[in-house]
Visitor: 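The following block contains the structure, expressed as structure tokens.
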2 protein chains.
Amino acid sequence: MNNLNFKHLYYFWVVAQEGSMTRAAERLDLAIQTISGQLSLLERQLGKSLFAAQGRGLALTEAGRQALGYADQIFQLGDALVEALNSSDNENTLRLRVGISDGIPKLLAYRLLSSVYKMPLDVRLICDEGEFETLLADLALHRLDVVLTDRPAPIGGNLKVFSKRLGDFATGIFGSVSLVDRTKAGFPQSLDGAPMLLPTRHNALRSRIDRWLEQNGVRPRIVGEFEDSALLNTFGREGLGLFTAPLALAEQIAEQLGAQALGAMNGVSEHIYAISNERRIRHPAVEVLCAASPQDETPAAV
Amino acid sequence: MNNLNFKHLYYFWVVAQEGSMTRAAERLDLAIQTISGQLSLLERQLGKSLFAAQGRGLALTEAGRQALGYADQIFQLGDALVEALNSSDNENTLRLRVGISDGIPKLLAYRLLSSVYKMPLDVRLICDEGEFETLLADLALHRLDVVLTDRPAPIGGNLKVFSKRLGDFATGIFGSVSLVDRTKAGFPQSLDGAPMLLPTRHNALRSRIDRWLEQNGVRPRIVGEFEDSALLNTFGREGLGLFTAPLALAEQIAEQLGAQALGAMNGVSEHIYAISNERRIRHPAVEVLCAASPQDETPAAV
DNA sequence: ACCAACACTTCGGTTTTATCGGACAAAAAC
DNA sequence: GTTTTTGTCCGATAAAACCGAAGTGTTGGT
């Protein structure tokens with residue numbers, strides 16, 4: 001419980017700025033007695049005195065100086081709030097602040113988010129990328145409305161969040177044309193010794209890929225590990241190695257990266273989760289996003 | 001004037017978190033009528049509705065969603081304030097947050113600040129370095145108590161600040177022993193063609209140096225320009241070129257940088273200013289700092 | 001289709017809080 | 001010493017926050 005009276009804090013802030021209760025009372029159009037009284041109430045509640053008598057004026061104590069720093073930020077935010085609400089550019093547009101975890105394919109994120117544009121409203125997407133933990137923290141602070149990631153939020157964490165699996169996407173192996181030609185015959189055995197780019201172990205998919213490779217008895221030459229899928233794709237486009245991607249994106253990958261599917265990794269699928277704040281009132285666009293039922297774009301196992 | 005009622009905002013914040021007025025009323029130990037009434041007052045004052053009726057519950061409007069983001073930060077700061085004040089480590093120590101402009105000699109800053117340690121109190125110095133403009137902004141936000149810099153604050157700026165000249169420091173030319181030996185004879189003519197390190201044009205001293213060089217008819221070879229004086233000193237210590245510094249620091253420069261004074265630059269002196277917030281109640285350590293009267297350590301002109 | 005349960009609003013009256021006038025104390029200026 | 005300035009204490013008053021009772025609209029069950 002926040003036992004801080006912001007009205008009192010505001011008076012304190014003005015007094016500190018003006019340098020005296022008298023001038024603060026003038027600026028606030030109040031009697032000095034009011035300021036004095038409310039200020040001593042604040043000090044009582046905080047358990048610290050904020051001003052010390054100095055001559056016939058006031059001096060800030062160290063506690064007061066610290067409080068002043070916070071008060072500054074607080075009332076600046078208050079002004080910003082009022083201003084943001086009065087700015088007219090947010091009349092008919094719905095803002096959706098999405099955090100996209102580094103590891104998940106950007107094209108997949110795009111496809112999943114496309115559902116929100118079908119809403120009968122102007123939607124402005126505000127995208128942010130970063131590490132899983134960072135994004136969760138931003139979610140808790142309401143800087144984000146939803147996070148798209150490859151794993152559910154840790155249960156029992158100190159953050160109250162809500163994870164919804166958006167879908168399973170069967171994974172395949174892709175590569176530039178030259179690479180694919182060389183390894184097409186005898187898949188998956190042909191992968192043995194072939195150059196390959198993989199996500200780092202931070203990615204939940206990575207362990208599934210490793211297991212699949214082991215079960216199929218192939219040991220590709222791992223030429224790179226990437227935290228960020230977009231970076232991985234760029235390297236893959238240049239023919240540096242084969243890489244994995246959702247089979248559902250085969251068409252776009254061919255168009256944008258000039259890479260073809262070599263084969264499916266049976267049993268390996270990427271799970272995408274939408275993590276949002278667990279409060280009853282959720283963002284309408286997040287509702288739409290989660291409502292897009294977990295339709296497996298391709299069955300997980302063949 | 002900040003026409004935002006933070007008490008109302010707090011109720012709004014709890015309602016948004018809990019998802020309903022009923023549950024918020026429970027958490028706040030208030031009747032639902034109160035919440036309802038205070039919330040509609042907030043909406044009236046802001047001129048926007050924050051909630052829209054949805055079914056028998058509530059839904060945040062876009063304005064409400066934006067407000068929620070601000071409220072989050074505001075009440076987090078409020079908690080932080082209370083916590084900071086209750087933490088015991090600030091009992092008998094006075095914190096002085098000083099911003100030191102890139103260009104001014106660090107040793108000079110140290111010497112000027114040493115006066116605050118003579119106060120009959122434990123003083124904890126918190127130093128920050130950076131660009132002039134950045135530091136001024138931090139000053140305005142009360143993240144700093146005073147800024148030490150080489151020029152007064154711009155008059156008529158939108159920030160209300162107070163500049164006090166702390167002193168004029170006659171400047172000389174210094175260099176590593178080998179360099180000084182080579183150019184000692186016939187100073188200042190011997191500077192012609194000598195390698196030299198100078199502050200960039202952002203430094204107020206630079207133009208005075210340039211004028212002095214011109215007036216004395218010497219054209220050194222400028223081998224480097226530095227924004228940061230500490231970096232300049234490091235290069236100077238390695239004998240890369242001659243450099244300028246306050247003559248008053250000759251002793252320390254000899255000790256710490258192994259450099260000797262070559263000669264004085266008559267008429268060139270570094271002005272150091274303390275810029276602080278213009279409010280009546282100033283930091284006691286800042287008072288002490290400014291009280292150290294503008295004693296010219298060496299007269300400006302010989 | 002109807003009724004009960006639920007969630008919020010509206011309208012008084014009551015309680016709490018904030019505010020101000022008057023009297024007072026302390027420091028500084030004269 | 002007197003006056004001026006600045007802040008504090010006390011009691012009355014104005015403003016706000018709060019709650020009980022009654023009312024509207026929505027949902028869900030039968």
Side-chain angles (χ1 to χ4, degrees), chain A residues 1-46 48-61 63-64 68 78 279-282 284 287, chain B residues 1-46 48-61 63-64 68 279-282 284 287 291:
Chain A
M1 165 60 210
N2 191 314
N3 58 345
L4 177 65
N5 186 323
F6 281 76
K7 192 169 198 171
H8 296 171
L9 189 69
Y10 183 63
Y11 294 163
F12 159 76
W13 186 58
V14 175
V15 170
Q17 283 184 325
E18 293 294 334
S20 82
M21 292 194 190
T22 309
R23 302 211 302 162
E26 239 168 80
R27 174 168 146 196
L28 293 168
D29 199 24
L30 289 172
I32 183 178
Q33 301 93 311
T34 304
I35 307 286
S36 175
Q38 300 295 87
L39 255 177
S40 29
L41 280 177
L42 177 64
E43 290 180 328
R44 168 128 28 115
Q45 273 184 316
L46 288 174
K48 303 260 170 180
S49 55
L50 303 169
F51 292 111
Q54 165 162 49
R56 62 182 171 193
L58 296 173
L60 273 174
T61 63
L68 181 57
R279 65 183 129 91
R280 291 293 169 80
I281 306 169
R282 291 239 295 294
E287 299 292 356
Chain B
M1 165 61 208
N2 192 315
N3 58 346
L4 176 63
N5 187 321
F6 281 76
K7 192 168 198 172
H8 295 171
L9 189 69
Y10 183 63
Y11 294 164
F12 159 76
W13 186 59
V14 176
V15 170
Q17 284 185 323
E18 294 294 334
S20 82
M21 291 193 190
T22 309
R23 302 212 300 164
E26 240 168 80
R27 175 169 147 194
L28 295 168
D29 200 22
L30 289 172
I32 184 177
Q33 302 92 306
T34 304
I35 307 286
S36 175
Q38 300 295 86
L39 256 177
S40 26
L41 282 176
L42 178 63
E43 290 180 328
R44 170 132 20 120
Q45 272 182 317
L46 288 174
K48 303 262 170 178
S49 55
L50 303 169
F51 292 109
Q54 166 164 46
R56 62 182 169 193
L58 296 173
L60 275 172
T61 63
L68 181 56
R279 63 185 130 91
R280 291 292 169 80
I281 306 170
R282 291 237 297 293
E287 300 291 358

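If you're wondering where the values come from, they're calculated on a predicted model, not measured in any experiment. Throughout, protein chains are lettered first and strands after them, A, B, ... in sequence-line order, and every chain is numbered starting at 1.
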Visitor: In whole angstrom, what separates A:Gln54's CD from C:dA26's P?
Guide: 18 Å

Visitor: Would a 4.5 Å heavy-atom cut-off, applied to side chains only, mark A:Leu30 and A:Tyr11 as touching?
Guide: yes

Visitor: Does the side chain of A:Leu68 come within less than 4.5 Å of A:Trp13's, by heavy atoms?
Guide: yes

Visitor: Testing the basics here: between A:Val15 and A:Ala24, what is the closest heavy-atom pair and its distance to 0.1 Å?
Guide: CG2-CB, 3.5 Å

Visitor: Do A:Glu18 and A:Glu26 make a side-chain contact, defined as non-hydrogen atoms from C-beta onward lying under 4.5 Å apart?
Guide: no

Visitor: Could you work out, with side chain to side chain donor-acceptor pair (under 3.5 Å) as the rule, every residue matching A:Glu43, not counting sequence neighbours?
Guide: none

Visitor: Before you tell me yes or no, could you show the steps for B:Asn5 and B:Leu41 under side chain to side chain contact (heavy atoms under 4.5 Å, CB included), namely the whole-Å CA-CA distance, both residues' side-chain angles and the distance that decides it to 0.1 Å?
Guide: CA-CA 9 Å; B:Asn5 187 321; B:Leu41 282 176; over 6 Å; no

Visitor: Heavy atoms under 4.0 Å is the rule here; annotate nucleotides 7-20 of chain C 5' to 3' with B where the base is hit, S where only the sugar-phosphate is, and - elsewhere.
Guide: SBSB-------SSB

Visitor: Can you find a heavy atom in the side chain of B:Phe12 that is under 4.5 Å from one in the side chain of B:Leu60?
Guide: yes

Visitor: For the helix from C:dA1-D:dT30 to C:dC30-D:dG1, what is the angle between the axes at its two ends, each from 5 pairs, rounded to 10°?
Guide: 30°

Visitor: Roughly how far, to the nearest 0.5 Å, is the CG atom of A:Leu46 from the CG atom of A:Leu4?
Guide: 6.0 Å

